[in-house]
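Notes for the one structure printed next.
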Protein chains: 2
Amino acid sequence: MEEILDKKVAFTELQCSKNLSATEDALYVLGGKWTLRVMIALLSGHTRFNDLQRTLKGISARVLSGELKDLEINGLVKRNVDADQKPVVVEYIPTEYSKTLKDIISTLADWGMKHKKKITDQE
Amino acid sequence: MEEILDKKVAFTELQCSKNLSATEDALYVLGGKWTLRVMIALLSGHTRFNDLQRTLKGISARVLSGELKDLEINGLVKRNVDADQKPVVVEYIPTEYSKTLKDIISTLADWGMKHKKKITDQE
């Protein structure tokens, strides 16, 4: 007798199209190669350009600068210029709103850790 | 008087480097343009190649085929060939393990929905 496949699905058809379009919106903002990594560094207290570039090994100044501009447009980071100090101090401060990314980062990091273990154990 | 910046960080330095490397591992597997979308469609019960391609508007057959192969290597999908039927029926079944992606998809979709609302409300 043929084995009957378990047809129970994780998402319904309606959830499928909702998930597809909402995930697309999220990945449009966060799906860049560096975007979430820049946010992790910012949320960990790295606020100066050079410090960010040092923490994110391998990112070029041009790319980092573009990422920071995009994050500012999306309300996730605020560029703070302190002109009272000499030389002028520029800091990139994660906004209150950017804390909403904590869940995404933790969920992804958690999965990445478990997946690496799974793949390593197989070998 | 100068405003004192809230130096409270969302992640500590140790969490920062752990998050960076674990998120990197996760994005290495899931960060492709189509990867999570293919998984959403699979987890919603789309198991045939043509059905998947119809659901994921815009994906080419070559890219979909590559995505499915990568997902199989990562233990997230199983290619099931039913040779008893004519023509032979090929199905792509999400594995039990792939259910671990549900959290990631829900968290991302949730954020995407809220972020779209926030950006739309601003305009």
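A, B, ... follow the sequence lines: proteins, then strands. Residue 1 opens every chain. This one's a predicted model, so the numbers in the text were calculated from it and none came from an experiment.
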*Do you know which of B:Arg37, B:Met113, B:Gln15 has the most heavy-atom pairs under 4.5 Å to chain A?*
B:Arg37
_Which atoms of A:Ile119 approach chain B - backbone, side chain, both or neither, heavy atom under 4.5 Å_ = side chain
*Do B:Leu68 and B:Trp34 sit in the same hydrophobic cluster, where Ile, Leu, Val, Met, Phe, Trp and Tyr count as joined when their side-chain heavy atoms come under 4.5 Å apart?*
yes
*Return the option, out of B:Thr55, B:Leu42, B:Asn74, with the maximum number of heavy-atom pairs under 4.5 Å with chain A.*
B:Asn74
*Minimum-distance pair of heavy atoms, taken over all atoms of A:Ile105 and B:Phe11*: CG2-CZ, 3.9 Å
*Check each atom of A:Lys18 against the heavy atoms of chain B and say whether the ones under 4.5 Å are side chain, backbone, both or neither.*
neither
*asked:* Report which part of A:Leu14 has an atom under 4.5 Å of a heavy atom belonging to chain B: side chain, backbone, both, or neither.
replied: neither
*Counting only heavy atoms not in B:Lys69, do more than 12 sit closer than 6.0 Å to its NZ atom?*
no
_Heavy-atom pairs under 4.5 Å with chain A, option from B:Ala26, B:Ser98, B:Ala22, B:Ser44 with the top count_ = B:Ser44
*Between A:Thr100 and chain B, which part of the residue has a heavy atom less than 4.5 Å away: side chain, backbone, both or neither?*
both
*Given side chains that start at C-beta, do those of A:Lys116 and B:Glu24 come closer than 4.5 Å, heavy atoms only?*
no
_Distance (rounded to the nearest 0.5 Å) between B:Asn19 CG and A:Lys102 NZ_ = 9.5 Å
*A:Leu64 and A:Val90: same hydrophobic cluster, using ILVMFWY side-chain contacts below 4.5 Å?*
yes
*Is there a donor in the side chain of A:Tyr97 and an acceptor in the side chain of B:His115, or the other way round, less than 3.5 Å apart?*
yes
*asked:* Taking the side chain as everything from C-beta on, heavy atoms only, tell me whether A:Asp25 gets closer than 4.5 Å to B:Trp111.
replied: no
*Quick one: CG on A:Leu30 to CG on B:Leu108, what's the gap to the nearest 0.5 Å?*
7.0 Å
*asked:* At a 4.5 Å cut-off on heavy atoms, which part of A:Ile104 comes close to chain B: side chain, backbone, both, or neither?
replied: both
*Neighbour count >12 (heavy atoms, 6.0 Å) for atom NZ, B:Lys117*: no
*Among A:Asp110, A:Thr12, A:Val29, who wins on heavy-atom pairs under 4.5 Å with chain B?*
A:Val29
*A:Ile93 reachable from A:Val81 in the ILVMFWY side-chain graph, under 4.5 Å edges*: no
*asked:* Which atoms of A:Glu13 are under 4.5 Å from chain B, going by heavy atoms: the side chain, the backbone, both sets, or neither?
replied: side chain
_Which of A:Asp103, A:Leu27, A:Leu101, A:Ile73 touches chain B most, by non-hydrogen pairs under 4.5 Å_ = A:Leu101
*Report yes if the side chains of B:Leu56 and A:Leu20 come closer than 4.5 Å at any heavy-atom pair, otherwise no.*
yes
